[in-house]
Amino acid sequence: MNPLRIGNFSGFYGDRSDALREMLTGGGLDVLTGDYLAELTMLILARDRLKDPSAGYARTFLRQLEDCLGLALERGVRIVTNAGGLNPAGLADAVRALAGRLGIPVRVAHVEGDDLTAGLPRLLGRARPGGTADGALAAHAYLGGFGIAECLRSGADVVITGRVTDAALVTGPAAAHFGWRPDEYDRLAGAVVAGHVLECGTQATGGNYAFFREGDVRRPGFPLAEIHADGGSVVTKHPGTGGFVDVGTVTAQLLYETGGGRYAGPDVTARLDTVRLGQDGPDRVRIEGVRGEAPPPTLKVGINRIGGFRNEVVFVLTGLDIEAKAALVREQLADPLTKSPPADVRWDLVRTDRADADTEETASALLRLVVRDPDERVVGRALSGAAVELALAGYPGFHVLSPPGKGAPYGVFEDVYVPHGDVDHMAVLHDGRRVPVSAPRETRALDAVPPPPLPEPLPPGPARRAPLGLVAGARSGDKGGNANVGVWARTDDAWRWLAHTLTTDAFRRLLPETRDLPVTRHVLPNLRALNFVVEGILGAGVASQHRFDPQAKALGEWLRSRHLDIPETLL
C-alpha cells in the first residue's frame, strides 16, 4: 500500500496565512492538517465566546479556506483541523455556509465531546479533593484520533475538531486510511511520533532551530510525513521550499514539550525511548522502530480560568548607581504597597546596562514591578498613580517604558484527569449522523521508564571553558506551569560526554532559576538526548505571565549559552 502523505499548514493560531495554498500547490498530498490550539489559545477563544456565543473558533482558518477550498477539493486533499476550538459545530456550519457561497460541494464533519465546562464542578470533585470551578471559562478533554477517523471513513472532505491532542490530527487520518484497530499500538505510536513532529509546522524544517545557521531558514517550508502501513514514516517537505529537514531538526521537535520515555495520549502511549531516526536523503528523515502501549486509564482535561488581575510598571535606570536607584524606587513604593497589599508582588532588576556605553539604551537597566490580586482595584490606578507620582521625586533620570494603567485580567491553566467514560467522544458525520467513539478497552497505568544504561564516558583529556551550545542543541517549551528543556548531542562522542556531565545538579547550577524547583532528568539514548522537566517555573501557566519568558521558549538557548569545561576533542 502506498504511503499516506500528510502535510501541515498551521502550527499555531496566527501562523502564516498563505501556508495552506503553498502546501496545496507545492506537491502531492492526501491530507492537510492545521493545528491552531494551545493552552493560551483556549483562553483567548473562551474570552471571545463570552462576548459572542457564536464565536470560539479560529476565524483565520475560514479566511484561508475561502481562498483554497476549491483547490483542495480539485486535488483530492482532505483537510483536518482543530480550528474549531471551543465551538467545532459552529465552525463546521461556517465552512458549509462558505462552501455554499462559493458553490463548492464539500462534505463537512466535526468531532465533539471534549467540552466538559458544564460538568466542571462534578468533574473537579472527582478529579481532585477540594476542586473548585471558580472563575473557570473552559474545561476541555484532550481527545484522540478515532473520532476524526470515523468522519473520514464516512467520506468527509473537511473535518473540524475542538480540543484533540495535536498528534490526533495525524493518527486519525492514518487509522482511517490503513484501517488500524484501536489495539494496534505500535502503528498508532508511530503515527503519534510523526504527528508530534508535524504539529508545530516549521519547527520541523529549521524554524526555532539551535543550529539555524546551517541552512536558509528565512522562510522555512512546512513539513509533511509519508506514513506507512506499519506506522513508520519519513518526514520531509515540498521541493523548492525554504528551510531544511535533518536528524537534528526532527530530534529538536521530538523533544519539544515532552518528558520521559513514555509519551501518553488518549489512543496510545508512545515509547519515545524506542524512536530511531536516520537521514534518508536530502530533506528526508526516516522514523522507525516506535513501540506503543495501551493508553492510560484517564484523559487529560485542560481548565482555563481567570486567576485575578495583574499590573506592571517597568522603570528605566540609566548610568551610575543602578543598585541604589532600584533600592530607592522600592523604598518609595513600599508605603503604597503596604497600605493595600496585593496578594503577589514581584520585583526583578534586569541588568541590561553596560559601563561606559555609547548609547543611552545600552547604559540602562530595567526594574520591573509586577503585582497580582483577585481585586482589580488593588492592582489598578492606585498603584499606577503612586508610580507616576515619583516622576519628579524619584531617582535621577526617572522614566518608565510605558504609562501604567488599570489592572488587566490574567488567566490560569491547570490540568486534571478523568476516566475515559466521563467523556462523550462523538463523530458528527457530514450527513448529520452522530456516531459515538468507544473508550479504549484496554488501559495501562503510566509508569516511569527505568533509567537506561549510560554510554561509556570519554577518557580523561584536556578541556576548555566554552558554551555548551558548541557541542549540543536544545529546545524548550511549556506545559502548564512546568517547562521542559530537551538537550541533544550530534555525535556519539559528544553524547558520551553529555550523558555523564549534564546531571540534574549541573543543570541547576547552570540555570540558577531552577535551583529550588523539582527537576527531573530523562535519558533518551536513541536520540542521544536528555530531557529535563522543571516543575513550577512558569507559575500558573503562560497566561499568568509569571516570568520574563512565560512559555520557556528560550530556556534552552540560555542553557546553551552557559559555560562549562568541555573536552577539547569535541571543540
Side-chain angles (χ1 to χ4, degrees), residues 203-204 206-217 243-256 258 260-261 272-273 275-279 282 285 351 354-355 451-477 483-515 519-534 549 552-571:
Q203 277 197 170
N208 298 351
Y209 183 52
F211 304 104
F212 67 97
R213 292 189 294 175
E214 296 183 354
D216 184 354
V217 297
F244 58 101
V245 180
D246 65 16
V247 168
T249 66
V250 174
T251 299
Q253 180 55 27
L254 277 178
L255 294 173
Y256 182 64
T258 59
L272 297 184
D273 56 335
V275 177
R276 296 197 305 272
L277 304 178
Q279 201 70 37
V285 171
R351 295 300 301 265
R354 284 183 255 164
L454 298 181
E456 286 293 318
L458 283 182
R464 177 156 42 100
R465 200 79 176 166
L468 174 63
L470 295 182
V471 295
R475 179 166 287 169
S476 54
N484 91 287
V485 184
V487 187
W488 76 95
R490 303 208 286 175
T491 67
D492 288 338
D493 280 350
W495 168 237
R496 292 169 64 188
W497 171 80
L498 184 71
H500 290 275
T501 302
L502 195 56
T503 62
T504 300
D505 287 342
F507 181 90
R508 285 196 175 102
R509 284 196 304 272
L510 293 170
L511 301 186
E513 279 188 56
T514 71
R515 190 168 291 156
V519 177
T520 304
R521 181 179 106 146
H522 302 281
V523 182
L524 300 167
N526 282 6
L527 300 177
R528 293 192 298 227
L530 305 171
N531 210 355
F532 294 88
V533 177
V534 185
D549 175 14
K553 295 292 189 181
L555 198 60
E557 285 302 292
W558 178 27
L559 179 65
R560 292 183 69 236
S561 75
R562 299 289 283 161
H563 289 223
L564 66 172
D565 294 329
I566 300 176
E568 289 189 354
T569 57
L570 302 179
L571 296 171

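With rounding to the nearest 0.5 angstrom, the CG atom of L498 is 10.0 Å from the OG1 atom of T491. A distance of 2.5 Å separates NZ of K553 from OH of Y256, quoted to the nearest 0.5 Å. For the atom pair CZ of R562 and CG of L511, the computed distance is 7.0 Å after rounding to the nearest 0.5 Å. A distance of 6.5 Å separates OG1 of T514 from CZ of R508, quoted to the nearest 0.5 Å. Expressed to the nearest 0.5 Å, how far CG of L277 lies from CG of N526 amounts to 8.5 Å. The distance from the CG atom of L555 to the CZ atom of F532 is 11.5 Å, given to the nearest 0.5 Å.
Between L570 and L458, some side-chain heavy-atom pair lies under the 4.5 Å cut-off. A heavy-atom distance below 4.5 Å is found between the side chains of L255 and L524. Side-chain contact check for D246 versus F244: some heavy-atom pair is nearer than 4.5 Å. Taking 4.5 Å as the limit, some side-chain heavy atom of F507 sits within range of a side-chain heavy atom of V534. Counting only heavy atoms from C-beta outward, the side chains of W495 and R490 never approach each other to under 4.5 Å. Side-chain contact between P525 and P452: present, with at least one pair of heavy atoms (C-beta onward) separated by less than 4.5 Å. Within the 4.5 Å cutoff, the side chain of P567 has no heavy atoms near those of the R496 side chain.
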Verdict with reasoning, T258 to N531, per side-chain hydrogen bond (donor to acceptor under 3.5 Å, both in side chains): CA-CA 8 Å; T258 59; N531 210 355; 3.1 Å; yes
Derivation and outcome, side-chain contact (heavy atoms from CB on, under 4.5 Å), residues V533 and H522: CA-CA 8 Å; V533 177; H522 302 281; 4.1 Å; yes
Residue pair L468, L559: steps toward the side-chain contact (heavy atoms from CB on, under 4.5 Å) verdict: CA-CA 7 Å; L468 174 63; L559 179 65; 3.8 Å; yes
Audit row: W488, L527, side-chain contact (heavy atoms from CB on, under 4.5 Å) steps and yes/no: CA-CA 7 Å; W488 76 95; L527 300 177; 5.9 Å; no
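The nearest pair of heavy atoms linking A472 to R560 is O-NE, 2.9 Å. Of all non-hydrogen atoms in G473 and A210, the two that sit nearest each other are CA-CB, 4.0 Å. Taking each heavy atom of Q203 and N208 in turn, the nearest pair found is OE1-ND2, 2.9 Å. Residues F211 and G469 approach most closely at CE2-O, 3.8 Å, considering heavy atoms. Looking at every heavy atom in both residues, S561 comes nearest to H563 through O-CD2, 3.2 Å. The minimum heavy-atom distance linking T501 with A506 is given by the pair O-CB, 3.4 Å.
Checked by atom type and distance alone, the side chain of D549 pairs as donor or acceptor with a backbone atom of A554 at under 3.5 Å. In this structure, the side chain of Q279 engages the main chain of V247 through a donor-acceptor pair within 3.5 Å. With hydrogens and angles ignored, the 3.5 Å screen pairs a side-chain donor or acceptor of H500 with a backbone N or O of P455. T249 places no side-chain N or O within 3.5 Å of a backbone atom of G206 that could act as its donor or acceptor partner. The backbone N or O of L502 lies less than 3.5 Å from a partner atom in the side chain of R521, making a donor-acceptor pair.
Within a 6.0 Å sphere centred on CZ of R354, other residues, nucleotides and ligands contribute 12 heavy atoms or fewer.
The side-chain tip of R475 does not point at the ring of Y209 from less than 6.0 angstrom away and within 45° of straight on.
Electrostatic pairing of R464 and D565 does not count as a salt bridge here, judged by no charged N lying under 4.0 Å from a carboxylate O.
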